[in-house]
Asker: 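Handing you this structure, nothing more for now.
Chain A is the first sequence line, chain B the second, and so forth, proteins listed ahead of strands; every chain is numbered from 1.
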Protein chains: 2
Amino acid sequence: MRPTVHDIAAQAGVSLATVDRVLNRRPGVKAATRLRVEAAIAAIGFVRDMAAANLAKSRVYPFTFILPGGDNSFMRGLERHVREAVVRPASDRVAISLVVVPPFDGAAVARALDAAIAQEPAGIAVVAVDAPDVMDAALRVQASGIPLVTLVSDLGPACRDHFAGIDNHAAGRTAGSLMRRFVGREASETAKVAVLAGSMLVRDHRDRLDGFKSALSGTCTLLPVLEGQDDPAATERLIADLLAQHSDLAGIYSLGAGNRGLIAALRRHLGPRPRAIIAHELTLHTRAALEADLIDAVLNQDAGHEVRSAIRVLKAKADGIPAVDAQERIRIDIFLKDNLPFADEADGNALRPFGLASGEN
Amino acid sequence: MRPTVHDIAAQAGVSLATVDRVLNRRPGVKAATRLRVEAAIAAIGFVRDMAAANLAKSRVYPFTFILPGGDNSFMRGLERHVREAVVRPASDRVAISLVVVPPFDGAAVARALDAAIAQEPAGIAVVAVDAPDVMDAALRVQASGIPLVTLVSDLGPACRDHFAGIDNHAAGRTAGSLMRRFVGREASETAKVAVLAGSMLVRDHRDRLDGFKSALSGTCTLLPVLEGQDDPAATERLIADLLAQHSDLAGIYSLGAGNRGLIAALRRHLGPRPRAIIAHELTLHTRAALEADLIDAVLNQDAGHEVRSAIRVLKAKADGIPAVDAQERIRIDIFLKDNLPFADEADGNALRPFGLASGEN
DNA sequence: GAAATCTTGATGTACGTAAATCAGAAATTC
DNA sequence: GAATTTCTGATTTACGTACATCAAGATTTC
């Protein structure tokens with residue numbers, strides 16, 4: 001049996017009340033006594049039962065999550081993970097309210113942030129849009145003393161307490177390394193590689209492109225970046241034109257959303273496809289494309305990890321404990337056809353048993 | 001505030017005792033009443049507070065973990081994660097005793113299993129050695145009604161309740177796919193690829209080799225498999241000889257331990273190294289080799305995930321709840337130089353704050 | 001030496017659930 | 001209709017911690 005507060009009291013020869021005062025840093029304990037108690041704690045190796053402590057405190061952490069709406073598969077998966085966290089009771093004592101705003105609408109995000117401030121939550125997590133009014137709203141959040149975490153898409157260190165997402169420059173480099181190797185050395189310098197982005201206005205996409213370029217660094221010829229604006233039909237046309245014009249295209253890097261259009265164009269395309277197609281985010285679509293050999297690799301950020309990490313960080317901030325950033329670094333997953341995880345782990349289409357949280361990683 | 005058992009009782013118009021009987025599947029409740037209570041649970045969206053439940057149960061699950069000793073970096077990382085679970089109090093109520101046995105010693109593993117049986121734990125996890133006496137001991141464990149989980153290395157479905165490890169055939173296929181693409185198409189058929197194994201007597205290694213071959217399927221010429229027997233010096237000589245004899249070697253797949261010898265040989269080697277070097281398990285050594293461009297890719301299984309998964313499964317078995325296998329599937333991570341996680345996440349050389357579990361993913 | 005302050009002990013309630021006990025009520029059997 | 005059996009209610013204790021209150025002892029202050 002693990003030692004309890006009673007054991008500390010016995011060991012230190014003090015009362016339970018005194019142990020409690022020491023443990024919870026309450027005043028009214030002589031320095032000498034405090035040392036005795038702390039020695040006893042160390043001696044018997046006491047660790048506070050957080051579950052019991054939280055139960056006794058019956059403290060709840062009201063958090064607000066702000067996500068973009070729309071039909072982006074990744075965002076919908078993210079939303080599912082947030083909803084899962086909403087109903088998960090596991091010693092978390094977290095009460096999450098979820099706000100969905102129109103996608104790519106900075107003003108809407110800013111309004112949602114201001115509305116959240118009024119609710120006085122213990123923390124806010126937001127999928128940010130890189131716009132001035134959002135940054136202003138973020139500064140207002142911080143000014144009101146509410147911890148703020150950006151999710152997936154960052155705003156820069158000045159506007160938030162923590163970023164729960166991947167290092168997008170590293171993701172771009174990873175894509176570049178894969179591209180370089182998949183394309184092969186022989187034709188490398190003359191090999192044409194295209195990049196498909198949603199919009200260069202989003203910070204993540206810019207970072208990925210920078211990383212991609214730096215990893216490729218002169219081994220390939222980069223065509224001008226195509227911007228699909230997250231519109232499947234437009235993206236499909238762009239890619240179809242691209243394939244028609246460059247029959248010798250060596251690779252495509254799709255660094256944002258818009259995979260549906262890309263995949264549709266590839267599926268329709270006759271003749272040999274480029275040697276290397278690399279995309280982001282494992283969804284039903286990219287998964288199917290991987291399995292059908294339409295795509296070669298998918299880089300992924302685990303939405304579930306990001307949500308749980310955001311919650312952990314917010315809780316730590318709310319308690320005034322510094323978050324251990326190294327622990328909260330989100331990994332960049334690489335998936336080939338061969339190492340695909342089960343569908344229900346990757347995206348949000350399978351239900352879990354009632355009241356059970358997912359297997360934590 | 002979240003609804004509690006009291007709210008269910010009020011809503012269903014029954015007593016607390018009856019709610020408890022329904023919740024904990026105790027007998028003595030009429031079918032009709034049970035339905036009423038379940039309807040009330042669904043109606044008010046009750047979810048059991050697991051922290052409080054575990055506290056009240058004050059149940060502990062004594063588990064025994066049996067790991068191989070030796071200086072294998074991966075196994076030491078695994079041991080660290082087990083030790084971490086030992087001191088983790090978080091609502092787990094798990095009491096783990098850790099047994100370290102000599103590596104590659106089937107008899108020792110069998111003895112440890114029998115010794116564990118005598119302790120009557122609620123479950124046993126073992127890094128199995130694929131030997132007849134181990135299988136016999138495993139069967140004795142099962143005969144005594146103790147749930148058994150194999151960790152990292154399997155024994156086959158007949159001898160255990162669950163395997164907490166990666167699909168090694170899939171891992172081999174993944175390595176094969178990467179190899180094929182890294183080597184390039186032009187020289188493919190004549191490209192020579194070597195495989196380095198610890199010993200073909202271990203099941204995991206055989207599975208990986210099979211998967212590797214199937215993914216390569218005639219696109220490369222496979223040299224005879226080298227067996228380094230986990231001896232760094234011997235492995236280094238093998239690789240040095242290999243590099244000397246085949247100056248046109250296109251790739252090396254190191255499918256087991258012995259990476260230290262491989263890396264040492266590569267570091268000493270003068271002249272161009274093979275285009276593609278792929279190894280298993282992210283350790284300090286493979287990490288450093290990746291960063292130094294001595295290795296191109298590392299496949300990894302997350303030891304922390306495996307340990308936590310094993311604990312979850314053992315607990316579920318102990319409670320008579322069927323484990324949800326899909327949730328417990330361990331992923332095959334691919335790491336390039338560019339998407340390396342922080343050092344202390346990958347292997348076991350950084351200490352975590354006292355009493356804090358790792359981020360779970 | 002009396003008053004004020006600081007320190008400690010003793011005790012009780014609370015959190016949400018588990019589990020046990022005992023007493024009735026209802027349904028079933030003969 | 002009496003004797004069983006099955007079901008349900010009421011109540012209590014416990015888990016490990018937090019937190020508040022009151023009393024009393026120890027120490028300091030003037």
Side-chain angles (χ1 to χ4, degrees), chain A residues 1-38 40-41 44-61 87-95 319 355, chain B residues 1-38 40-41 44-61 88-95 318-321 355:
Chain A
M1 273 301 168
R2 285 217 332 257
T4 73
V5 281
H6 296 86
D7 301 321
I8 305 177
Q11 171 87 14
V14 299
S15 79
L16 253 164
T18 302
V19 173
D20 182 68
R21 288 175 188 124
V22 172
L23 273 177
N24 295 294
R25 305 178 197 292
R26 271 187 268 277
V29 182
K30 226 193 311 184
T33 313
R34 183 174 299 269
L35 286 177
R36 273 228 316 288
V37 173
E38 278 164 355
I41 291 175
I44 65 179
F46 169 86
V47 267
R48 189 200 306 250
D49 185 331
M50 275 314 228
N54 284 331
L55 177 61
K57 275 201 279 238
S58 76
R59 160 157 205 189
V60 288
Y61 301 81
V87 298
R88 181 185 342 149
S91 81
D92 282 14
R93 317 217 82 80
V94 156
D319 285 338
Chain B
M1 273 300 165
R2 281 206 349 245
T4 74
V5 282
H6 296 86
D7 301 322
I8 306 177
Q11 170 90 13
V14 299
S15 77
L16 222 79
T18 302
V19 173
D20 182 67
R21 287 176 188 122
V22 173
L23 275 177
N24 295 292
R25 304 179 200 295
R26 272 186 266 277
V29 182
K30 225 191 316 183
T33 313
R34 165 159 282 136
L35 285 178
R36 268 225 322 287
V37 174
E38 280 165 353
I41 292 175
I44 65 179
F46 169 85
V47 268
R48 185 197 312 244
D49 185 329
M50 275 310 200
N54 285 328
L55 177 61
K57 274 201 278 240
S58 75
R59 164 163 199 187
V60 288
Y61 300 83
R88 182 182 341 149
S91 81
D92 281 16
R93 319 219 79 84
V94 158
D319 286 339
I321 302 168

Asker: Take the protein atom CG of Leu16(B) and the nucleotide atom C1' of dT12(D), then report the distance between them rounded to whole Å.
Answerer: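 Nearest whole value for this atom pair: 12 Å.
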
Asker: What is the distance from CG of Leu55(B) to P of dG16(D), rounded to the nearest Å?
Answerer: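 Value for this atom pair: 7 Å.
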
Asker: Check whether any side-chain nitrogen or oxygen of Arg2(B) sits under 4.0 Å from OP1 or OP2 of dC15(C), and answer yes or no.
Answerer: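 For dC15(C), neither OP1 nor OP2 has a side-chain N or O of Arg2(B) closer than 4.0 Å.
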
Asker: When the distance from CG of Leu23(A) to P of dA18(D) is rounded to whole Å, what number comes out?
Answerer: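 Going from CG in Leu23(A) over to P in dA18(D) covers 6 Å.
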
Asker: Taking only side-chain nitrogens and oxygens of Ser15(A), does any of them come within less than 4.0 Å of OP1 or OP2 of dG9(C)?
Answerer: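 It does, given that an N or O in the side chain of Ser15(A) lies less than 4.0 Å from OP1 or OP2 of dG9(C).
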
Asker: Where the side chain of Arg48(A) meets the backbone of Leu23(A), is there a donor-acceptor pair that is under 3.5 Å apart?
Answerer: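 Here the side-chain-to-backbone pair exists.
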
Asker: If I take atom CG in residue Asn54(A) and atom P in nucleotide dT17(C), what distance separates them, rounded to the nearest angstrom?
Answerer: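 In whole Å, dT17(C) P and Asn54(A) CG are 15 Å from each other.
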
Asker: From C-beta outward on Ser58(B), which listed nucleotide comes closest to its side chain: dC7(D), dC15(D), dA10(D)?
Answerer: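 Nearest to the side-chain atoms of Ser58(B), counting from C-beta on, is dC15(D).
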
Asker: Just to be sure I understand the rule, does Asp20(B) reach a base, reach only the sugar-phosphate, or reach nothing, if contact means heavy atoms closer than 4.0 Å?
Answerer: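 Base contact.
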
Asker: Where the side chain of Val14(B) is defined as all heavy atoms beyond and including C-beta, which of dA18(D), dA18(C), dG9(D) is the nearest nucleotide?
Answerer: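 Out of dA18(D), dA18(C), dG9(D), the nucleotide with an atom closest to Val14(B)'s side chain is dG9(D).
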
Asker: Heavy atoms only, 4.0 Å cut-off, all strands: where does Ala53(B) land among base, sugar-phosphate and nothing?
Answerer: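 Counting heavy atoms under 4.0 Å across all strands, the contact made by Ala53(B) is with sugar-phosphate only.
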
Asker: Are the side chain of Asp20(A) and the backbone N or O of Leu16(A) linked by a donor-acceptor pair below 3.5 Å?
Answerer: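 Not at all, since once roles are kept as given, no pair shorter than 3.5 Å links the two residues.
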
Asker: Rounding to an integer number of Å, can you tell me how far Ile8(B) CD1 sits from dA18(C) P?
Answerer: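 The answer, rounded to whole Å, is 10 Å.
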
Asker: Would you tell me if any nitrogen or oxygen in the side chain of Arg21(B) comes within less than 4.0 Å of OP1 or OP2 on dC7(D)?
Answerer: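 For dC7(D), neither OP1 nor OP2 has a side-chain N or O of Arg21(B) closer than 4.0 Å.
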
Asker: Atom NE2 of His6(A) to atom C1' of dA18(D): distance rounded to whole Å?
Answerer: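 Taking NE2 of His6(A) and C1' of dA18(D), I get 12 Å after rounding.
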
Asker: Checking contacts here: which listed nucleotide (dG16(D), dG16(C), dA18(C)) is nearest the side-chain heavy atoms of Ala52(A)?
Answerer: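 Per side-chain heavy atoms of Ala52(A), the pick is dG16(D).
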
